[in-house]
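FYI, the numbering just counts along the sequence from 1. Source: prediction; values computed, not measured.
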Amino acid sequence: HVATMHDGRKVAIKVQYPGVARSIESDVDNLMRLISMANIMPKGLYIENAVKVAKKELALECDYRWEFAGQGRFKALVEADPQLRTQVYVPAPIAELSSQRVMTSEWVEGEAIDKVRELPQEV
């Protein structure tokens, strides 16, 4: 979503659908039941650890505080590199309008991802 703050800044807002984070455990468990019933995993493959890691990673993806922190770190790294900061811009995350289920950052004009492939690719 796009919004305008009281101070006039344009922002991008990402809102998580209700229940997404809660459904991860059961969705992964259901997927594993289907895989087991279809008998498509090679014999001797211990998938339990991969499932545990997948659940943890998916839970982190659903926590926008994690994304907020990552975007802030990435912005700092890009800005610290004299060459990279002239070529890449990372939008600033906005803490006062972000939470576990809402991520807000400054709005940056750009090209839609499906249009980028049509741009010149020379580096």
Side-chain angles (χ1 to χ4, degrees):
H1 304 285
V2 64
T4 303
M5 294 180 48
H6 292 296
D7 63 9
R9 288 183 292 162
K10 206 170 176 183
V11 294
I13 303 173
K14 180 175 160 181
V15 180
Q16 189 176 105
Y17 284 104
V20 169
R22 287 190 311 269
S23 70
I24 290 172
E25 285 281 328
S26 63
D27 287 353
V28 173
D29 289 342
N30 288 336
L31 176 62
M32 292 314 300
R33 277 189 206 90
L34 286 171
I35 289 172
S36 176
M37 289 170 49
N39 200 24
I40 59 175
M41 298 304 286
K43 294 207 183 301
L45 180 65
Y46 298 99
I47 195 151
E48 293 81 12
N49 194 47
V51 169
K52 188 171 142 183
V53 169
K55 286 179 180 181
K56 181 180 177 185
E57 292 291 323
L58 288 168
L60 283 175
E61 284 292 320
C62 289
D63 186 345
Y64 291 174
R65 296 171 301 190
W66 180 258
E67 183 175 343
F68 178 92
Q71 185 169 326
R73 283 191 303 273
F74 187 59
K75 181 171 183 57
L77 288 170
V78 167
E79 289 177 349
D81 184 302
Q83 185 177 0
L84 192 56
R85 73 174 173 226
T86 64
Q87 300 171 14
V88 176
Y89 185 79
V90 179
I94 300 171
E96 64 269 22
L97 296 176
S98 296
S99 68
Q100 187 173 2
R101 306 283 179 250
V102 177
M103 170 71 184
T104 305
S105 64
E106 70 177 304
W107 179 265
V108 177
E109 295 292 337
E111 293 291 332
I113 193 71
D114 58 336
K115 302 287 186 216
V116 173
R117 72 181 187 152
E118 298 167 9
L119 296 174
Q121 299 299 309
E122 297 82 32
V123 178

Determine whether [X] and [Y] make a side-chain contact, defined as any pair of heavy atoms from C-beta on separated by less than 4.5 Å.
| X | Y | value |
| --- | --- | --- |
| V2 | I13 | no |
| I24 | C62 | yes |
| T4 | V11 | no |
| V15 | M103 | no |

[atom1]/[X]: more than 12 non-hydrogen atoms of other groups inside 6.0 Å:
| X | atom1 | result |
| --- | --- | --- |
| L34 | CG | yes |
| K56 | NZ | no |
| F74 | CZ | no |

- Query: How many angstroms lie between atom CG of L97 and atom CE of M5, to the nearest 0.5 angstrom?
  - Reply: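 These two atoms lie 5.0 Å from each other.
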
- Message: Let me confirm one number: the CG-CZ distance from D7 to R9, rounded to the nearest 0.5 Å.
- Response: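 Answer for the CG-CZ pair, D7 versus R9, is 4.0 Å.
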
Which pair of heavy atoms, one from [X] and one from [Y], lies closest together, and at what distance?
| X | Y | result |
| --- | --- | --- |
| S105 | I94 | C-CD1, 3.9 Å |
| F68 | P93 | CE1-CB, 3.1 Å |
| A80 | P82 | O-CD, 3.4 Å |

- Task: Identify, with sequence neighbours excluded, every residue that meets side chain to side chain contact (heavy atoms under 4.5 Å, CB included) alongside D27.
- Result: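 Partners of D27 by the side chain to side chain contact (heavy atoms under 4.5 Å, CB included) criterion, ordered by chain and then number, come out as S23.
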
- Can you check side-chain contact (heavy atoms from CB on, under 4.5 Å) on Y89 and E106, steps first, answer last? CA-CA 11 Å; Y89 185 79; E106 70 177 304; 2.5 Å; yes

- Which residue pairs pass the side chain to side chain donor-acceptor pair (under 3.5 Å) test with at least one member in residues 59-78, sequence neighbours excluded?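 Qualifying pairs: K14-E67, D63-R65, K75-E79.
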
- Going by the side chain to side chain donor-acceptor pair (under 3.5 Å) test, which pairs reach into residues 111-123, not counting sequence neighbours?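 Residue pairs passing side chain to side chain donor-acceptor pair (under 3.5 Å), neighbours aside: none found.
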
- Message: Tell me whether L31 shares a hydrophobic cluster with L58, the cluster being built from Ile, Leu, Val, Met, Phe, Trp, Tyr side chains joined at under 4.5 Å.
- Response: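 Hydrophobic grouping puts L31 with L58.
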
- Verdict with reasoning, K55 to D29, per side-chain contact (heavy atoms from CB on, under 4.5 Å): CA-CA 9 Å; K55 286 179 180 181; D29 289 342; 2.6 Å; yes

